Amino acid sequence: MRWLFIHQNAPGQWRDLIPALVERGHEIHLIGAHPRQRLPRGVHYRHYSWSSDQPPSRLVDPDLEHNLQRAARVAALCNQMNQQGIQPDVVVFHSAWGEGLYLRDIWPQAALVAYPELYAQARLMGHGFDPEAGSLSEGSRRSLRRQNFMALSAIADADAAIAPTLFQRDTFPAHLRGRFHVIHEGVDLQRLQPNPRRHLQLTPKLMLRKGDPVVTYVSRSLEPLRGFRVFMRALPAILERHPSAQVLMVGSWEGTSYSRSSTHPQGYWGEMTALLGERLDLSRVHRLGRLPYDQYLAVLQVSAVHVHLSYPYAMSWSLLEAMACGTVVVGSANAPVDELIRHGENGLLVPFASYDSLSRTVLDVLADPGAQASMAEAARRTVEQRFGLASAVEAYEQLAGSLRLAG
């Protein structure tokens, strides 16, 4: 079957799914917004020219106009493919940036599958959920409404829509949920495995091994949406009461990915270290930044307890990856985390904003890691049963096949 995937940051969510489809004999085409030097063998990649510096000219919402510009550029590229005789059987596109807006007119016979990740609303960004998120201005509230234009258009035109979790599907209005198939894109369980012999040379004098009291935290950016402020507030008690604990943080401390920017010149890291002052033993808190994937896996594989806090937002890959590596996860007791973690069975849950509960729970795990072995094993089984890459490939194939038959 011939597939086309479209995502401005290609391959996006389908990083593992695409090479797995290639291995099963499918022809894969991929469109993104930037050149890519390294892609799986057999993937036919094209990119459209794009820079976020391009000024909007007419509309009151620059993001909306940028989406329309992206849609036009993707359409031009797809028209070229069409003229070259490339007729995809299935087109899967992330709808957030408008790239799929004109596809139905170009390939009317193709099965269109939209991936509208979330239906934007204030609570997803912490308003009414995180006491520190503050109130939302009327202008910002209207901007959130406009963000949904592309998703709604995509759902209307597509033959089906995919959401990776029930929670993400249910952010959409009830009358639209029947259009969705809940299919996670899968994680590579061959690569993501517990490794009791794993070690990590953190500094010339500090070697960490599985079994050491290592606390880990992962986020694309160190920001409130992933509970960074709460995590930082929990650290002084953890470090004081467990003198040999080491804390590893993976993620960029410059700028943000989803949250508003901090008013502190050094971002949320600077804000929190200034607030905590001498109560925080920075000699045992290690900012690792963004890491190559193998080094990132090493962090998860030596971890004794992994902290994952989140607003009610998209499920993070790092949560699944930590569980697949057999790490005990302490997560926030809200969706989508509690869609995956069952408290006391395959992980532990604490109220999002309760840093006292977080520090106590982490310390309990560090005090008797052997007692948590069954929980770590259950975490691995959960990912195997519900989020394995092989199952994701089969689900995508079955959906594509059923849409082609229906068409």
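Side chains are part of it too, since the values below use all heavy atoms of this structure and drop only hydrogens, waters and symmetry mates. Quantities reported herein were computed from a predicted structural model and do not represent experimental measurements.
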Task: Intermediate values then yes/no, salt bridge (charged side-chain N to carboxylate O under 4.0 Å, His left out), D61 and R146 - done: CA-CA 8 Å; D61 189 326; R146 292 193 297 272; 2.5 Å; yes
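For an aromatic pair to be called close, the ring centres must be under 6.0 Å apart, and H66 with W97 fails this. The distance between the ring centers of F172 and F180 falls below 6.0 angstrom. Between F231 and Y217, the gap from one ring centroid to the other is short of 6.0 Å. The ring of F352 has its center closer than 6.0 angstrom to the ring center of F129. Ring pair H34/H47: centre-to-centre distance not below 6.0 Å.
With a 6.0 Å cutoff to the six-membered ring centre and a 45° limit on the axis angle, R15 counts as a cation-pi contact of Y293. The cationic group of R287 lies under 6.0 Å from the six-membered ring centre of W253 and within 45° of the ring axis, placing it in a cation-pi geometry.
Between Y296 and V218, the closest side-chain pair of non-hydrogen atoms falls below 4.5 Å. Within the 4.5 Å cutoff, no side-chain heavy atoms of L4 are placed close to those of F93.
Counting only distance, with no hydrogens or angles, the side chain of S143 and the backbone of G139 share no donor-acceptor pair below 3.5 Å. No side-chain donor-acceptor contact under 3.5 Å links D157 to the backbone of A154.
Between R284 and E240, no side-chain nitrogen of the basic residue sits less than 4.0 Å from a carboxylate oxygen of the acidic one, so the salt-bridge criterion is not met.
Between the side chains of D212 and Q246, no donor-acceptor pair is found at a separation under 3.5 Å.
Ring geometry, Y396 versus W3: the interplanar angle falls from 30° to 60°, so the pair is classed tilted.
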